[in-house]
Amino acid sequence: MTDSDVSACLERVRQGDETAIRALIAYMYPLVYKIVRSNVTRHGMEEDLAQTVLTKVFKSLHQFSGRAPFKHWVSRIVVNACVNLIRHEKSRPEVRMADLSEQEALVVEALAASDEGLDARLGFAARDLVQHLVACLRPKERLLIRLIYLEGFSIQEASEATGLNPGAIAVGVSRAKIKMRARHAILLKGNDQ
């Protein structure tokens, strides 16, 4: 859908056109689910939160002014819903070697044994290891790392999506990276023993 298609679709949605509603849901759902999935740590909650966010978008449609692209407006609603859910999470799990899968442990061992890059066969396990390290961050840091590095947002786009100052985002991302490196070093050290 182009921006003009979205505008026309939104107008029809506001008039109660069910076909337009279904088209708008089909247009928004991939974006909503992608953001939700990358920010929700408990699997199985993604679909419920995505449905909740879609409902919130439709209830808030009257607030959409059209000054920003529709996808940015929707992204901000999704990110805020994720932030609210993350705030309710009470624990930040620690990562221990015993918690890792066999493949993830192989990644840690490979990184500990060599300064060279990883074998391509360990790529998926490396991604999963990164997800474990991200899960150990504070909720706000987790969100920022996911937006910048996993979703490909620029700092300005992340600022628009979260309402945070771009400087605060840059500092938060930097601190999160330091924490992830420290957790990784702990895993490597634990592997040496």
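Only this structure's heavy atoms are used, side chains among them; waters, hydrogens and symmetry mates stay out.
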- Look up atom OG1 in Thr52 and atom CD1 in Ile77, then write down how far apart they are to the nearest 0.5 Å. 13.0 Å
- Task: Give, for atom CD of Glu141 and atom NZ of Lys179, the distance between the pair rounded to the nearest 0.5 Å.
- Result: 3.5 Å
- Message: Taking Val171 as the starting point, is it possible to reach Ile169 by hopping between hydrophobic residues whose side chains are less than 4.5 Å apart?
- Response: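 No, it is not one cluster - the side chains of Ile169 and Val171 are not joined through contacts under 4.5 Å.
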- Task: Just jot down the side-chain contact (heavy atoms from CB on, under 4.5 Å) partners of Lys34, sequence neighbours excluded, or say none.
- Result: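 Per chain and number, Lys34 pairs via side-chain contact (heavy atoms from CB on, under 4.5 Å) with Glu151.
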For [X] versus [Y], what's the shortest heavy-atom pair and its separation?
{"X": "Ala23", "Y": "Cys9", "result": "CB-SG, 4.3 Å"}
{"X": "Ser75", "Y": "Ile35", "result": "OG-CD1, 3.7 Å"}
{"X": "Pro166", "Y": "Gln156", "result": "CG-OE1, 3.9 Å"}
{"X": "Ala158", "Y": "Phe153", "result": "N-CD2, 3.8 Å"}

Are the side chains of [X] and [Y] in touch, meaning some heavy atoms are under 4.5 Å apart?
{"X": "Val78", "Y": "Leu49", "answer": "no"}
{"X": "Trp73", "Y": "Arg67", "answer": "no"}
{"X": "Tyr29", "Y": "Gln51", "answer": "yes"}
{"X": "Arg12", "Y": "Ile21", "answer": "no"}
{"X": "Lys71", "Y": "Val6", "answer": "no"}

Quick one: side chains of residues 56-64, donor-acceptor pairs under 3.5 Å with protein atoms, not counting sequence neighbours, listed by atom name and distance.
residue, atom, partner, partner atom, Å
Ser60, OG, Lys56, O, 2.9
His62, ND1, Lys59, O, 3.2

- Run the side chain to side chain contact (heavy atoms under 4.5 Å, CB included) check on Lys140 and Leu164 step by step: do they pass? CA-CA 11 Å; Lys140 183 176 165 184; Leu164 296 172; 3.8 Å; yes
- Message: Please determine whether the number of non-hydrogen atoms from other residues, nucleotides or ligands lying under 6.0 Å from atom CD of Glu18 exceeds 12.
- Response: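 Result for CD/Glu18: open.
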- Message: Could you check whether Glu160 pairs with Arg76 (Lys NZ or Arg NE/NH1/NH2 to Asp/Glu carboxylate O, under 4.0 Å)?
- Response: no
- Task: Among Val36, Val53, Leu147, find the residue that satisfies the side chain to side chain contact (heavy atoms under 4.5 Å, CB included) test when tested with Cys82.
- Result: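 Passing option: Val36.
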- Test item: Arg142 side-chain N/O and Leu137 main-chain N/O as donor-acceptor pair under 3.5 Å: yes
- Not counting sequence neighbours, list each pair that qualifies as a side chain to side chain donor-acceptor pair (under 3.5 Å) and has a residue in residues 162-174.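 As it turns out, there is no side chain to side chain donor-acceptor pair (under 3.5 Å) pair with a partner in residues 162-174 once direct neighbours are skipped.
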